[in-house]
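Scroll down for the structure; my scribbles are underneath it.
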Number of protein chains: 2
Amino acid sequence: MLIFIEPESEKPIYQQIRDQIVEGIARGELLPGTGLPSIRQLAADFGINLHTVNKAYELLEREGFLQVRRKTGAVVQPRGRLAEDWEARLRTLLAEALAQGLPAEEILMRCQRVLATLTEREQPDR
Amino acid sequence: MLIFIEPESEKPIYQQIRDQIVEGIARGELLPGTGLPSIRQLAADFGINLHTVNKAYELLEREGFLQVRRKTGAVVQPRGRLAEDWEARLRTLLAEALAQGLPAEEILMRCQRVLATLTEREQPDR
DNA sequence: CTTTTTGTTATAGCTATTATATAACAAATG
DNA sequence: CATTTGTTATATAATAGCTATAACAAAAAG
């Protein structure tokens, strides 16, 4: 799985890494048990500091996506719990679209379409 | 429309104000043309600084939700454009739920339910 | 056991963000 | 004209994001 960093983005680098790994898990490219590159390895690849990658891994561990161990590196977790504020964030995002005049049906179709792009040609665990 | 501020929240105060006004517009409680309290008035009500409210209004104006005029105060805009990164933010949010094991159908139902709570008993403009 | 790699922890410095506090200016209302 | 309002300008303080070193401890490899 490839990760792209945009240093000029307004989104913090550690957040970019976090989001792309989450999406990788969602797409099924990163299955439970999959090992991720070491902190120093990733930092070297991107030409960024060790602590920036560490912060991303730390966050992913707190959120239940990864388990970080010594020497083994980060390993994708079988499952976790949805963040408590997830629905609140969804609410704010959907409200934004409604407030700009998008019909609820149109918004729902967009959700459906995005979900489809995330779940297509992916092997669900059996 | 009532606005609640949580000073201890990790979400910035100006962002809390922004989000709640957006939701007010989405729910139809704030119709186009509706006047909002003045910057100084809101700041006094919340016991916060003038500039914090100003930042929220400034953001809402940039996003096309409000038009801010002298003396008249802020007025809800008829319509705007959806932010370019809206779909990207939706994607990240939905990926988070998928990665935690929620089935796509369940996620879509949650979207539908949230949309329903935002659009219920609201007078669409005619 | 020794060496290497790795996660962890601890500082430190720098920039940007968030929030506050005053102050002053300009435009619109009454 | 006087008041209210948005706007602009500084200044200060706390926090967040990122970088830079350095050192320590645990696990794997030789």
Side-chain angles (χ1 to χ4, degrees), chain A residues 3-22 30 33-77 83 85 89 92, chain B residues 3-22 30 33-77 83 85 89 92:
Chain A
I3 295 180
F4 297 98
I5 298 293
E6 294 181 62
E8 299 307 315
S9 167
E10 62 176 9
K11 184 191 283 189
I13 296 177
Y14 80 93
Q15 190 77 45
Q16 295 182 41
I17 298 174
R18 179 268 184 192
D19 288 349
Q20 291 186 49
I21 289 180
V22 168
L30 298 177
T34 307
L36 292 177
S38 76
I39 290 178
R40 284 179 173 82
Q41 185 63 52
L42 256 193
D45 290 352
F46 296 146
I48 61 179
N49 193 271
L50 175 157
H51 293 94
T52 306
V53 180
N54 188 45
K55 190 164 186 178
Y57 277 21
E58 222 175 16
L59 177 57
L60 286 162
E61 191 174 31
R62 274 206 312 275
E63 295 179 313
F65 292 110
L66 298 183
Q67 185 173 358
V68 183
R69 282 193 291 256
R70 288 189 173 279
K71 200 68 181 180
T72 321
V75 179
V76 177
Q77 279 284 85
D85 66 338
R89 284 184 283 141
T92 298
Chain B
I3 295 180
F4 296 98
I5 298 294
E6 294 182 63
E8 299 307 315
S9 168
E10 60 176 10
K11 184 192 283 189
I13 297 177
Y14 81 93
Q15 190 77 45
Q16 295 183 40
I17 298 175
R18 179 268 184 193
D19 288 350
Q20 292 186 49
I21 290 180
V22 168
L30 298 176
T34 306
L36 292 176
S38 75
I39 290 178
R40 285 178 173 83
Q41 185 63 53
L42 257 193
D45 290 351
F46 296 147
I48 61 178
N49 193 271
L50 174 159
H51 294 94
T52 307
V53 180
N54 188 46
K55 189 165 185 177
Y57 277 22
E58 221 176 15
L59 177 57
L60 286 163
E61 191 175 30
R62 275 205 311 276
E63 295 178 313
F65 292 111
L66 299 183
Q67 184 174 357
V68 183
R69 283 192 291 257
R70 287 186 176 279
K71 200 69 180 180
T72 321
V75 179
V76 176
Q77 279 284 84
D85 65 338
R89 284 184 283 143
T92 298

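Every chain is numbered from 1 and lettered A, B, ... according to where its sequence line falls, protein lines coming before strand lines.
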Shortest non-hydrogen separation from [X] to [Y] and the atoms involved:
X	Y	answer
F4(A)	Q16(A)	O-OE1, 4.1 Å
V68(A)	Y57(A)	CG2-O, 4.3 Å
L42(A)	P37(A)	CG-CB, 4.0 Å
L50(B)	I39(B)	O-CG2, 3.4 Å

Nearest-Å distance for atom pair [atom1]/[atom2], residues [X] and [N]:
X	N	atom1	atom2	answer
L59(B)	dT7(D)	CG	P	14 Å
Q67(B)	dT5(D)	CD	C1'	15 Å
E8(B)	dT18(C)	CD	P	17 Å
I48(B)	dT20(C)	CD1	P	6 Å
R69(B)	dT4(D)	CZ	C1'	16 Å
E10(B)	dA14(D)	CD	C1'	17 Å
L42(B)	dT5(D)	CG	P	11 Å
E58(A)	dT9(C)	CD	C1'	10 Å

(message) Please determine whether a side-chain nitrogen or oxygen atom of K55(A) lies at a distance below 4.0 Å from atom OP1 or OP2 of dC18(D).
(response) no
(request) Check whether any side-chain nitrogen or oxygen of T52(A) sits under 4.0 Å from OP1 or OP2 of dT19(D), and answer yes or no. (result) yes
Contacts of type side chain to side chain donor-acceptor pair (under 3.5 Å), residue [X], not counting sequence neighbours:
X	answer
Q67(A)	none
Q41(B)	D45(B)
Q15(A)	D19(A)

(message) Across nucleotides 22-30 of chain C, 5' to 3', mark each nucleotide with B, S or - according to how protein heavy atoms within less than 4.0 Å reach it.
(response) B-B-BS-S-
Got a second to check how far [X]'s [atom1] is from [Y]'s [atom2], nearest 0.5 Å?
X	Y	atom1	atom2	value
L30(B)	Q20(B)	CG	CD	11.0 Å
I21(A)	L59(A)	CD1	CG	10.0 Å
L36(A)	I3(A)	CG	CD1	7.5 Å

(request) Check for a donor-acceptor pair, side chain of E63(A) on one end and backbone N or O of A83(A) on the other, with a separation under 3.5 Å. (result) no
(message) Taking the axis from the first five pairs and the axis from the last five, what angle separates them in the helix from dC1(C)-dG30(D) to dG30(C)-dC1(D), rounded to 10 degrees?
(response) 30°
(request) Enumerate the residues from residues 11-19 of chain B whose closest heavy atom to DNA chain C is under 4.0 Å, giving them by residue number; use none for an empty result. (result) P12(B), I13(B), Y14(B)
